[in-house]
Structures are given as C-alpha cells and as structure tokens.
Amino acid sequence: MNLNMNQVRSLLKGIKEEATTASLTGALEGGHAVMAQVFNRCRQALVDAGDGGVTALFPEFSDKAAVDEIGVAAALLLRYVAAPAEEVGPAAEEARPPAEGTGPGRA
C-alpha cells in the first residue's frame, strides 16, 4: 500500500468528521464497517512505513466496531501523525514563543 502521509492525514480527518456527524445525528447507519476498514488501512500504511509505535498504541478494528470508537481512534492517530506545524491545542500554544511585546510582565 502506497499512501503518502498527506493522504493518511486526509483520510483520518475524514473518518473523524464522518464519525462525529454519525454520532451526533444517527446518520450513516452501517457506515462503521467502511470506517473501520479505512482506519485499518491507514494504520497499516503507517506500520508499513516503519512506525512501530502505531501497533503499540492503536488497535485494529473489526467491521462491527462502534462509530464512536473508530472516530476517537482516528482523531488520536491524526494527532499522532500530525506534523509539528499542524499541532493545535493547549500544548502547542504553550510551546509557541509569545508574540513580540507580550508575555509575563508586559501589558
């Protein structure tokens, strides 16, 4: 399987978004099997690329896995493979240097 990292990230983001929609609306009934299969293929592409941490941290899913489980795993795997410039959230915010003229002791 020859997926590049951008394709893997895009697919994981899509799984996460579709799982969120399915969870909130009840739509996409039966879509869990496709989500599980695509998640597993993305996971395997990372393993094939030599990332052994993926097998230690992220399970493979059966076609009967719940959409919520697949969505959470996709979101976490997406964060795991995110390029440093793409990281968001409190940890990434703390790691950024303060803007000029801001920071402790400055108003």
Side-chain angles (χ1 to χ4, degrees):
M1 184 174 311
N2 290 331
L3 291 175
N4 68 43
M5 287 304 294
N6 288 333
Q7 290 170 315
V8 170
R9 287 186 196 112
S10 180
L11 288 167
L12 291 170
K13 184 177 178 185
I15 292 168
K16 178 185 86 159
E17 291 170 357
E18 294 301 324
T20 299
T21 298
S23 182
L24 293 174
T25 66
L28 307 175
E29 188 173 326
H32 54 85
V34 172
M35 286 186 203
Q37 293 165 9
V38 173
F39 176 87
N40 289 341
R41 289 181 186 129
C42 289
R43 180 186 175 277
Q44 189 60 48
L46 295 168
V47 171
D48 291 348
D51 191 336
V54 173
T55 57
L57 295 170
F58 299 96
E60 283 190 277
F61 288 104
S62 77
D63 288 353
K64 295 181 188 311
V67 169
D68 294 340
E69 292 175 307
I70 301 165
V72 168
L76 293 173
L77 185 54
L78 181 60
R79 290 187 72 90
Y80 178 85
V81 298
E86 296 174 1
E87 289 184 23
V88 294
E93 291 295 324
E94 291 171 7
R96 288 192 188 115
E100 193 171 315
T102 63
R106 300 186 187 217

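Remember, it's a predicted structure, so these values are computed and weren't measured experimentally. Positions are given from 1, in the same order as the sequence printed here.
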To the nearest 0.5 Å, what is the distance between OG1 (T20) and CD1 (I15)?
11.5 Å
Classify the side-chain pair N40/R43 by whether it contains a donor and acceptor separated by less than 3.5 Å.
no
Could you report the tightest heavy-atom contact between M35 and A19, atom names first, then the distance?
CE-N, 3.8 Å
CZ of R79 to NZ of K16: how many Å apart, nearest 0.5 Å?
8.5 Å
Would you check, one step at a time, whether the test side-chain contact (heavy atoms from CB on, under 4.5 Å) holds for L46 with L77?
CA-CA 10 Å; L46 295 168; L77 185 54; 3.8 Å; yes
Look up atom CG in L11 and atom CG in L78, then write down how far apart they are to the nearest 0.5 Å.
10.5 Å
Closest non-hydrogen contact found for H32 with D63 is ND1-O, 2.8 Å
Locate the shortest heavy-atom distance separating A36 from F61; write the atom from each residue and the value.
CB-CB, 3.9 Å
Is a side-chain N or O of Q7 found less than 3.5 angstrom from the main chain of N4, in a donor-acceptor match?
yes
Point-to-point distance, once rounded to the nearest 0.5 Å, from SG of C42 to CE of M5:
9.5 Å
With rounding to the nearest 0.5 Å, note down the distance linking CZ in F58 to CG in D51.
9.0 Å
Any E17 side-chain heavy atom under 4.5 Å of K13 side chain
yes
